[in-house]
Number of protein chains: 2
Amino acid sequence: MVNMEKTTEQMILETARNHFVQYGYGAARMQEIADDAGINKAMLHYYFRSKENLYHEIVIRTLDYLLPRLFKAFKQEGLLFERIENIIDTYIETLIEQPDIPFFVMSELSQKRERFIEELKKRSKHFPPVQSFLAQMAQEMQAGKIKQINPIHLFLNILSMTVFPFIVKPVFCTLFEFSDTAFEQLMLERKPIIMEFIKSSIELK
Amino acid sequence: MVNMEKTTEQMILETARNHFVQYGYGAARMQEIADDAGINKAMLHYYFRSKENLYHEIVIRTLDYLLPRLFKAFKQEGLLFERIENIIDTYIETLIEQPDIPFFVMSELSQKRERFIEELKKRSKHFPPVQSFLAQMAQEMQAGKIKQINPIHLFLNILSMTVFPFIVKPVFCTLFEFSDTAFEQLMLERKPIIMEFIKSSIELK
DNA sequence: AAATAGTTTAACTTTATGGTTAACATGGAA
DNA sequence: TTCCATGTTAACCATAAAGTTAAACTATTT
């Protein structure tokens, strides 16, 4: 069954990821993951040795997929506002596709913070583009093209308005009685709104 | 030892809360909570019957402390910008005092979402002030005093810029090499910056 | 078709965990 | 002092969960 390997392994990874995200590492059950993946529990150990290992594998794969994608946006050279627009687009699209990402990251941060930060540092090659993005902001301020503001704050503002709604989605949707599709619609609406918001707050009058 | 009760009970609640926040409900261990609180495991059951019950008690107490405080800011009548400033102040101060709140909420949302939303709904009496805040925004737009923008987006923008940095604090502090106190400083700096940001983005030119 | 490597299963073992119990301690009221 | 309520402990139990094993099954190679 040489070619079912991938499918079984893939199946395990997907199912396990859902369980880890939903219940957290400690509350996720190997038996339930196996049941849900339609396989025997021993298979989990056959493919991944232990729960800890399976989890780690998922973290690695998620980061290896996510970070290049999220940081690519920072790499694009161009006008400052083009870069900003690029970043907003990338984040919103990624988060619409994978709405469980914030929960995954938060769960990591609260339960396995040290190790998660370690994994991030290992991938710090993705980080320089962020620095260059901040540098460009500083440059345009120096050149008197946009308002003076600590680039870190501007950076935080951009990411905040883009990512935060996805984090509080469940509470938001309950309190304001939004359906999943209505929420998605609202997030797509947000792209130009955030751009407009940022533009009018940093361009010189 | 009639007057140690409170102390023991308090000790349990505090310690347990830390564990639940850090590890999540499923991964938190009664034995470790007991050890950490310096008491016998049986005491946990003596005071709170079961793990589930202890947890529930903590959720209830946290919400009963947090929601009135957070929503009080929305209740304050006044000029729109005064209300906004009030909200930002309240959130930043609360989050500086209790930086684990976002993790607590996120852990709830990913692991006990249904029940958490239930508890929120039970306390929905706090919610009307938010509606009145949104209404005031809409009113000022109608009156031509500020730019036209969907109040929901404006509301999201305010909360985003205020709360998001606290959520990503661990990642942020690592990547930008900020200490805890430097981060706190940055957050205090943010108050006027967020205000300025919002003002210039919604006031008419 | 025999051999081999890789895959899957049911049954089992071990360990950790939430919860219980019964005995013991302590401080105040009678 | 004696008695009682409250608080506290160590030892125990039942169960659920992670992890193991040995046998069976499947596909590929020879």
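The structure displayed is predicted, hence computed values, not measured ones. In what follows, every heavy atom counts, from backbone to side chain, and hydrogens, waters and symmetry copies are set aside.
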Over 12 foreign heavy atoms within 6.0 Å of CD, A/E177: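 No - once you tally the heavy atoms of other residues, nucleotides and ligands closer than 6.0 Å, there are 12 at most.
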Other residues, nucleotides, ligands: >12 heavy atoms within 6.0 Å of A/Q142 CD: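 Result for CD/A/Q142: open.
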To the nearest Å, give me how far apart [atom1] ([X]) and [atom2] ([N]) are.
X     : N      : atom1 : atom2 : answer
A/M43 : D/dT26 : CE    : P     : 14 Å
A/N53 : D/dA18 : CG    : C1'   : 14 Å
A/I12 : C/dT8  : CD1   : C1'   : 11 Å
B/E9  : D/dT6  : CD    : P     : 14 Å
B/Y46 : C/dC24 : OH    : P     : 18 Å

Donor-acceptor under 3.5 Å (A/K51 side chain, A/Y25 main chain):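 It does hold such a pair.
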Sugar-phosphate or base contact per nucleotide [nucleotides 13-22 of chain C; S, B, -; heavy atom under 4.0 Å]: ----SBBBB-
Could you list the donor-acceptor pairs under 3.5 angstrom formed by side chains in residues 158-169 of chain B, with sequence neighbours left out?
from, atom 1, to, atom 2, distance (Å)
B/S160, OG, B/L156, O, 2.6
B/T162, OG1, B/I158, O, 2.7

Passing candidate, side chain to side chain contact (heavy atoms under 4.5 Å, CB included) with A/T90, options A/I92, A/T94, A/I87: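 Of A/I92, A/T94, A/I87, side chain to side chain contact (heavy atoms under 4.5 Å, CB included) with A/T90 is met by A/T94 alone.
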Salt bridge (charged side-chain N to carboxylate O under 4.0 Å, His left out) contacts in which one or both residues fall within residues 118-129 of chain A, not counting sequence neighbours: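 As it turns out, the salt bridge (charged side-chain N to carboxylate O under 4.0 Å, His left out) pairs with a partner in residues 118-129 of chain A, which skip direct neighbours, are A/D64-A/R123, A/E119-A/K122, A/E119-A/R123.
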